Amino acid sequence: MNEHNQANFEAKIEADIFIEPKDWMPDAYRKNLIRQIGQHAHSEIIGMLPEANWLTRAPTLRRKAILLAKIQDEAGHGLYLYSAAETLGCTRQDIYQKLLDEKMKYSSIFNYPSLSWADIGVIGWLVDGAAIVNQVALCRASYGPYARAMVKICKEESFHQRQGYEAVMALAAGTNEQKAMLQDAINRFWWPVLMMFGPNDADSPHSAQSMAWKIKRFSNDELRQKFVDNTVPQVEALGMSIPDADLIWDETIGHYRFGEIDWAEFYQVIKGNGICNTERLAAKRKGWEDGAWVREGAMAHSHKQKAMKSA
Ligand code: FAQ
């Protein structure tokens with residue numbers, strides 16, 4: 001029976017037929033998906049924090065309304081992804097608790113502070129830009145609920161990326177002070193954004209199996225390269241520079257070559273030792289505790305409704 005199930009699963013993967021929640025799947029496939037989708041969901045909601053830091057200080061009402069809408073979108077992305085993870089048999093409460101207990105990760109990028117208004121433009125442009133490159137590939141992930149969630153998320157991320165670029169274009173066309181603020185934000189975010197794609201392929205423990213299962217369609221290095229190739233011309237169009245002395249266009253391969261990422265920094269950040277790790281988790285723990293009365297109220301309401309229906 002198990003052999004038949006395994007063969008059926010492999011045939012679907014081979015034929016690019018989505019695996020759906022009620023289909024048989026290997027335990028390791030399920031576990032790996034809960035890990036990746038859960039961490040992805042956590043990233044979306046932790047990612048709200050650096051942007052929320054600037055909500056009260058957005059320079060105009062228009063910028064504030066856009067930022068508010070973007071942050072709400074990120075909450076929505078978290079909800080789609082927690083729901084997708086739940087279709088695999090975990091509970092939202094369990095994986096959320098694992099985030100709070102530091103047993104599950106979230107994207108390294110959100111452990112860097114948002115120090116200036118330019119950071120908000122750069123987060124929309126570069127962070128969402130990197131997220132799109134990664135997530136467009138995930139629209140064809142082999143697990144149906146994950147792939148479908150990604151389609152809607154990518155549409156919204158495209159809006160985020162465009163609004164970010166529009167915000168940095170305004171700064172790039174502004175005063176010398178505004179230009180300097182933008183350059184400083186690019187300098188601080190460039191390398192952490194490249195780290196979003198994960199370790200080099202040779203050091204990525206999950207990649208080979210995730211590629212074989214078609215959860216990942218492109219490797220970490222392939223997606224990072226695609227992001228660099230897409231983004232360098234955008235930086236040039238702004239009249240800004242990239243903080244990488246080794247960055248050059250290589251005509252022979254048709255790609256940019258770029259310098260070595262500081263992997264020691266990356267591993268420190270994902271171990272919990274980044275600039276903002278403690279602050280981010282403290283904010284989430286406080287939110288969870290402060291929201292206890294809402295959960296209790298919702299449960300009491302639900303019990304009351306059930307009792308009324310069965311009466
Ligand atoms: N940060 O073997 P691999 C966004 C971990 S959404 C932290 O290569 P994998 C939208 C990895 O989990 C951004 N940890 O792993 C937004 C694993 O640890 P584990 C989030 C990282 O899974 C914008 C270990 O290292 N996007 O930004 C990172 O095959 C603005 C070994 O790595 C996603 O999550 C990292 N950067 O590949 C929101 C996309 N990289 O689990 C708000 C979905 C690696 O063994 C504001 N995820 N690790 O303890 C993926 O595509 C993959 O999970 C990768 C990593 C590519 C991130």
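Quick caveat, the model's predicted, so the values are computed rather than measured. Both counts, for ligands and for their atoms, begin at 1 and track the order of listing.
For atom 25 (O) of ligand 1, the closest non-hydrogen atom on the protein side is I270 CD1, 3.8 Å. Protein heavy atom in closest approach to atom 47 (N) of ligand 1: Q36 NE2, 3.6 Å. When only non-hydrogen protein atoms are considered, atom 48 (N) of ligand 1 lies nearest to F266 CZ, 4.1 Å. Given atom 35 (C) of ligand 1, the protein heavy atom at minimum distance is S108 OG, 3.5 Å. Shortest contact from atom 39 (C) of ligand 1 to any protein heavy atom: N134 OD1, 3.1 Å. If you check which protein heavy atom lies closest to atom 57 (C) of ligand 1, you get M196 O, 4.0 Å. In terms of protein heavy-atom proximity, atom 22 (O) of ligand 1 is closest to R35 NH2, 2.9 Å. Here the heavy atom of the protein found nearest to atom 8 (O) of ligand 1 is S204 OG, 2.7 Å.
Taking 4.0 Å as the cut-off, F218 does not count as a neighbour of ligand 1 on heavy-atom distance. Using 4.0 Å as the threshold, E157 has a heavy atom nearer than that to some atom of ligand 1.
A heavy-atom distance below 4.5 Å is found between the side chains of R188 and L115. Proximity of K226 to H255: side-chain heavy atoms (C-beta onward) are nowhere separated by under 4.5 Å. Using a 4.5 Å heavy-atom cutoff, the side chains of Q36 and L138 are in contact. Using a 4.5 Å heavy-atom cutoff, the side chains of R148 and F18 are in contact.
For ligand 1, the atoms sitting less than 4.0 Å from at least one non-hydrogen atom of Q135 are 6 (S), numbered in the order shown with element in parentheses. Within ligand 1, counting atoms from 1 as listed, the ones closer than 4.0 Å to a heavy atom of Q39 are 12 (O), 41 (O). Atoms of ligand 1 lying under 4.0 Å from any heavy atom of G47, numbered from 1 in the order shown and given with element: 42 (C), 46 (C). The ligand atoms of ligand 1 that sit less than 4.0 angstrom from a heavy atom of F197 are 56 (C). Taking every non-hydrogen atom of G198 and a distance limit under 4.0 Å, the qualifying atoms of ligand 1 come out as 40 (N), 44 (C). For ligand 1, the atoms lying closer than 4.0 Å to a non-hydrogen atom of D128 are 23 (C), 30 (C). Ligand 1 places these atoms under 4.0 Å from at least one heavy atom of Y106: 1 (N), 7 (C). Near L138, meaning under 4.0 Å from any of its heavy atoms, are these atoms of ligand 1: 43 (C).
In summary, of the residues considered (V193, N200, D229, N134), a side chain to side chain contact (heavy atoms under 4.5 Å, CB included) with R224 occurs for N200 alone.
Contact between I34 and A85 at its shortest, heavy atoms only, is CG1-O, 4.5 Å. When all heavy atoms are compared, the tightest approach of A130 to M196 is CB-SD, 3.9 Å.
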Take Y80 and H40 through the test ring pair (Phe, Tyr, Trp, His ring centres under 6.0 Å) and record every step on the way to the result.
CA-CA 11 Å; Y80 307 152; H40 194 166; over 10 Å; no
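The aromatic rings of F197 and F227 sit tilted, their planes meeting at an angle between 30° and 60°.
Among R224, E74, H160, the residue whose heavy atom lies nearest to atom 46 (C) of ligand 1 is E74. Relative to atom 31 (C) of ligand 1, the option among P205, A141, S210 with the closest non-hydrogen atom is P205. Of the options H206, K70, M104, E156, the smallest heavy-atom separation from atom 2 (O) of ligand 1 is shown by H206.
Contacts between N220 and ligand 1, counted as non-hydrogen atom pairs separated by less than 4.0 Å, involve the side chain only. Of all the heavy atoms of K105, the ones lying under 4.0 Å from any atom of ligand 1 belong exclusively to the side chain. At a heavy-atom cutoff of 4.0 Å, ligand 1 is contacted by the side chain of F110 but not by its backbone.
Between N187 and Q183, the side chains place a donor N or O and an acceptor N or O closer than 3.5 Å (distance only, hydrogens not considered).
For ligand 1, one of its N or O atoms has an N or O atom of K216 under 3.5 Å away.
Panel note: side chain W293, backbone D290; a donor-acceptor pair is recorded below 3.5 Å.
Residue D27 places its CG atom among 12 or fewer non-hydrogen atoms of other residues, nucleotides or ligands, all under 6.0 Å distant. Within a 6.0 Å radius of CE in M169, no more than 12 heavy atoms belonging to other residues, nucleotides or ligands are found.
Both V228 and I123 belong to a common hydrophobic cluster when Ile, Leu, Val, Met, Phe, Trp and Tyr are linked at side-chain heavy-atom distances under 4.5 angstrom.
Cation-pi geometry between R295 and W288 is met: the NZ or CZ atom falls under 6.0 Å from the ring centre, inside 45° of the normal.
Aromatic rings from H42 and Y82 are positioned such that their centres are separated by under 6.0 Å.
Protein non-hydrogen atoms do not reach within 4.0 Å of atom 54 (C) of ligand 1. Proximity of atom 20 (C) of ligand 1 to the protein is indicated by at least one non-hydrogen atom lying closer than 4.0 angstrom.
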